[in-house]
Amino acid sequence: MEKNDRLFLLDGNSLLHRAFYALPKTLQTSEGEYTNAVFGFTKMLLRLIEEEDPDALAVAFDLAAPTFRHKEYEEYKAQRKKTPDELSPQFDLIKEVLTAFKIPVLQLEGYEGDDIIGTLAQAGAQEGYQVTITTGDRDALQLVTEDIEIMYTKRGITNIVKYDLDKVREDYELEPKKLIDMKGLMGDKSDNIPGVDGIGEKTSTKLLHQFDSLEEVLDNIDQVSGKKRKERLREQGDRARMSKKLATIKLDVPIDYDLEEFTLVEPDQDKLVEVFSKLEFNTLLKEFGGYDTLSFSEDFELITDYSQLDKLINNLKEEKQIGFKFNFAETKLYQQKANGLTIVYNDQEAYYIDMKELEAKEVVKALKDYFEDEEVKKLSLDSKQNLLYLKELGVEVEGLDFDPLLAGYLLRPSNKKQDLEDLLTEYLKVELSEVDDEVEQETQLVRSLFKLKEKLIKDLKDKGLLELFVDVELPLIPVLVELELNGIAVDEDELERLSSKLQEKLDSICTKVYELSGEEFNLNSPKQLGEILFEKLGLPVIKRTKTGYSTSASVLEELEGKHEIIPLVLEYRQYQKLKSTYVDPLADLINHQTDRIHTSFNQMVTATGRLSSTEPNLQNIPIRTEEGREIRKVFVAEEGKKLLAVDYSQVELRVLAHISQDENLIEAYINNEDIHTKTAAEVFGVEAENVTYEQRRRAKAINFGIAYGISPWGLAKDIDVSNKEAEDYIDQYFNRYPKVKEYMDEKIQDAKDQGYVKTILNRRRYLPEINSSNYHRRSFAERMAINTPIQGSAADIMKLAMLAASTTLKERGLESEILLQVHDELVFEVPTEELEEVQQIMKEKMESVIELDVPLIVDLNVGKNWRDMEEVE
DNA sequence: CGATATTGCAA
DNA sequence: TATTGCAATATCG
């Protein structure tokens, strides 16, 4: 050891607790094992090593066994809550991490970590180390000397304060040693150390200025001021002595360690990788070189002329499996451009076709037959984008066989983003080498597809997801490509008319609002509006948000009648929403190559298996209010065609009837009853023919709520009744539909037992928070467990419908096209002469994509635009 | 400029 | 303190 080497001693228990409370419990492995404390501790340890550069380091832990303090005083730490269940197992985990770092773990039966640290700190200081103790426990401050300092984690794990001798003197106005006497006098609530009644921080500090120690105080009680205080010190002197003893950190623990062994050394690489993989600390794994680099050949053949291309195509003839990927320069539809095309065959043989040199049209034409050959299995990355490009150039890919991102989505649908890097690290424990050359990078990506296919297909198979992947999700990609390229025609003039009409209304409302409020302000700012309403106009505050007053529609509605400004604000909000979210952005998204709007359907976003739609989102175009509904007028069918909307009637409730097997619900659907009226009759105990409008409305809300994992509170808010009434309705509902209740309990149990719930097509959703000790998180997971099989199965059914619809239109050689999917509805554009046939065929096909124990029914609506639709049949 | 909060639209 | 999404706007660091 060199002189002044730095020795760090960490209080494992204290720091792990700190990390546990500082980091969200969402940090878990995919199995649901909690890792937040371990992660936080590890990060802190690494930062400590990085920033403080210790020469030696060790971590001390408490053991579960009682210490001498418990023997001394039964009540010691008796009020302490038991370590949370989510934390306990993390003690063993952090010890594994430390072992991998080759950092000594110190623990000794009968002693606390503090005592071990105290003993070793003193020993270290004597041997000439500069000692730093890291802990979240202020007790350690008594150990501070010239050579021993404390790093105290004030809050969380990042806020650290260093206490050296000066700092302690400054903060406590006492020598560190005297902090023990202080504890003896004032006690310590957190450790259940009693001290002397009526003496707190102020008095004990004062006394210890007057006397050198607790003992001196007790020996000279006469000189203490205050009658009551003297009395208590006399009565409770022994208690004080005991308290001091409890608070004293031991400096003579019989622990046998050679400080030389604490010297920081290189970690055990293999063990570190092993433990980080187990804990799924992917960022740390990367940092510690835990991943092998995927070593592919750097070789590839660059194709820059047509003779080389011909040669490649000739070689490909024999190949039944290829990986391909375009290198895109522009992905706007009907203007797509690619810089190149990578093709890999025979597992690793790579070609890059330079499409800056070669004409894209020519390249694609030359490869058309190959891409359209169903016998040739294609692997691609971001297949939808690649297929969009090819289809734009007239090539309809057949034989699409694998996309790692899509497979990854089915394996972990709740992941925030689906990307290749995660898949490589998570499933293959490798990463791609960093390559400067763009082209080489592309070839590496495509090469990796083969490795991923092998592993991911196996995982899909193990989890019963392969059929969903092969029969539904993968074939859906070309269907989504159709929808996106089709787009929907837009009446641009109508859009402009709407925009100026809305602007006029906004201007006039705005003027009136300013008049009423006596000043101009930004009506779009909830903050400014809140100040006007609740401060200037003095309206009652209904609800607050994190940052101020809530001005949401529900709040404003309650204020209606209190001030004439309110209805104006509500009206302003409505028009502002329509204009800024729908009308104006839609105009910008018209593709002038096609004069249509082409949304993008994302297949890998939702946790339940639904699609989502962006740029623009065509799945949330207004319909409920007349003003909002106007927007739908701009979505039109071309000349000579009609829009046909086919929607599944109450598909989610039918799914619920099927999976819950509730006889009452099934029977209602089999008998084609009005389900909301039926529910009203059941819940309110009246005959179906006597159900009032209001009762039916409420029953409808109950039926919706059920599918979401209803709470009395939520229902009460929705239909404006008391919590008690809402609770009664729900009870009565479960009474009449008992299997629905059973279904809910079962799904929650499934999630607890298996960690996930499933849909009709076996789609999974993992719900690790189902076991959370946090009520909110747990309840949320429970509602997901209830809702996901319902919403997800409905999504499954719709995906089957899309496949069936697409296939049927092709088989029949019809010109009709699918334009949109809105969760339970498909919108088609149909030449008038095909209308009859398409209506009839879609009804038949969509109602029979799957056989449930209740009938599936679709309703058909036809119109010239998406607003003025009329029901047919 | 990016992240976050609030608000509100759909199924 | 009801499920799943996307997006506009304001505001803050």
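Everything numeric here is computed off the predicted structure, so don't read it as measured data.
Rounded to whole angstrom, the span from the CG atom of A:Leu820 across to the C1' atom of B:dA10 amounts to 13 Å. Spacing between atom CD of A:Gln603 and atom P of C:dT4 amounts to 20 Å, rounded to whole angstrom units. Atom-to-atom, CD of A:Glu626 to C1' of B:dC9 comes out at 16 Å; the value is rounded to the nearest Å. Atom CZ in A:Arg544 sits roughly 17 Å away from atom C1' in B:dA5 (whole-Å rounding). Whole-Å rounding puts the A:Leu611 CG to C:dC6 P distance at 11 Å. Across the protein-nucleic acid pair, A:Leu556 atom CG and B:dT7 atom C1' stand 11 Å apart, rounded to whole Å. Put simply, CG on A:Asp584 is 16 Å from P on B:dC9, counting in whole angstrom units. Nucleotide C:dA2 holds its P atom 14 Å from the CE atom of A:Met744, rounded to whole Å.
One cannot find a donor-acceptor pair under 3.5 Å joining the base of C:dC6 and the side-chain atoms of A:Asn617. Side-chain N/O atoms of A:Arg783 and base N/O atoms of C:dT3 include no donor-acceptor pair closer than 3.5 Å. Contact annotation: side chain of A:Asp718 to base of C:dA2, donor-acceptor pair present below 3.5 Å. In terms of polar N and O atoms assigned as donor or acceptor, the side chain of A:Gln791 never comes within less than 3.5 Å of the base of C:dT4 in a complementary pairing. Side-chain atoms of A:Arg624 stay outside donor-acceptor range of the base of B:dA10, with no qualifying N/O pair under 3.5 Å.
If you check every strand for non-hydrogen atoms under 4.0 Å, A:Thr788 touches nothing. Residue contacts for A:Ile623: at a heavy-atom cut-off of 4.0 Å it reaches the sugar-phosphate backbone alone, with no base atom in range. When heavy atoms are screened at a 4.0 angstrom cut-off, A:Arg629 is found touching no nucleic acid atom at all. Counting any heavy atom pair closer than 4.0 Å across all strands shown, A:Gln574 reaches no nucleic acid atom. When heavy atoms are screened at a 4.0 angstrom cut-off, A:Lys546 is found touching the sugar-phosphate backbone but no base atom. Looking at heavy-atom distances under 4.0 Å, A:Phe780 makes contact with sugar-phosphate atoms alone, never a base. Among the protein residues, A:Asn787 comes within range of the sugar-phosphate backbone only, with heavy atoms under 4.0 Å from sugar or phosphate atoms but none that close to a base. Backbone-only engagement by A:Ala607 is indicated by non-hydrogen atom pairs under 4.0 Å involving sugar-phosphate atoms exclusively. Using a 4.0 Å heavy-atom criterion, one finds that A:Ile621 contacts the sugar-phosphate atoms exclusively. Contact annotation for A:Ser550: backbone-only contact, meaning every heavy-atom pair under 4.0 Å involves sugar-phosphate atoms and none involves a base. Residue contacts shown for A:Ala553 are limited to sugar-phosphate atoms, with no base heavy atom under 4.0 Å away.
Nearest heavy-atom pair across A:Ala794 and A:Val651 is CB-CG1, 4.0 Å.
Other residues, nucleotides and ligands contribute over 12 non-hydrogen atoms within 6.0 Å of the NZ atom of A:Lys843.
Across C:dA8, B:dA11, B:dT7, the shortest atom-to-atom separation from the side chain of A:Thr581 is found for C:dA8. Candidate nucleotides C:dG5, C:dA2, B:dT7 were compared by shortest atom distance to the side chain of A:Asn620, and C:dG5 ranks first. Of the candidates C:dT4, C:dA10, B:dA11, the closest approach to any side-chain atom of A:Asn524 belongs to C:dA10. For A:Thr606, counting side-chain heavy atoms from C-beta on, the closest listed nucleotide (B:dA10, C:dG5, C:dT9) is C:dG5. Closest contact between the side chain of A:Lys577 and the listed nucleotides B:dA10, C:dA7, C:dT11 involves C:dA7. Listed candidates were C:dA2, B:dG8, B:dA11. Nearest to the side chain of A:His823 is B:dA11. Side-chain proximity of A:Tyr708 to the nucleotides C:dC12, B:dA11, C:dT1 is greatest for B:dA11. With C:dA2, C:dA8, B:dT7 as the candidates, the nucleotide lying closest to the side chain of A:Leu715 is C:dA2. Nearest nucleotide to the A:Thr545 side chain, out of B:dT7, C:dT11, C:dA7: B:dT7. You'll find that the side chain of A:Val822 is closest to B:dA11, out of B:dA10, C:dT11, B:dA11.
For the pair A:Arg764 and A:Tyr756, the cation-pi criterion (under 6.0 Å, within 45° of the ring axis) is fulfilled.
When the side-chain nitrogen and oxygen atoms of A:Ser525 are compared with OP1 and OP2 of C:dT11, one or more of them lie within a distance under 4.0 Å. Here A:Arg610 does not reach the OP1 or OP2 of B:dA10: none of its side-chain N or O atoms lies under 4.0 Å away. Phosphate proximity of B:dT6 to A:Thr547: present, with a side-chain N or O under 4.0 Å from OP1 or OP2.
C:dT1 and B:dA5 have their P atoms separated by 15 Å, with the value rounded to a whole Å.
For the 3.5 Å distance criterion, the side chains of A:Gln732 and A:Glu682 fail to qualify, holding no donor opposite an acceptor. For the residue pair A:Ser600 and A:Glu615, no side-chain donor N or O sits within less than 3.5 Å of a side-chain acceptor on the partner. Between A:Arg698 and A:Tyr729, the side chains place a donor N or O and an acceptor N or O closer than 3.5 Å (distance only, hydrogens not considered).
Taking the nucleotide of DNA chain C with the nearest heavy atom to each of A:Glu615 and A:Phe704, the more 5' of the two is matched to A:Phe704.
Look at C:dT1: it lacks any Watson-Crick or wobble partner with both distances under 3.5 angstrom.
The aromatic rings of A:His676 and A:Phe704 lie parallel to each other, their planes meeting at an angle below 30°, with 60° marking the opposite boundary.
Residue A:Gln619 forms a side chain to side chain contact (heavy atoms under 4.5 Å, CB included) with just one option from A:Leu820, A:Leu611, A:Thr599, A:Thr614, and that option is A:Leu611.
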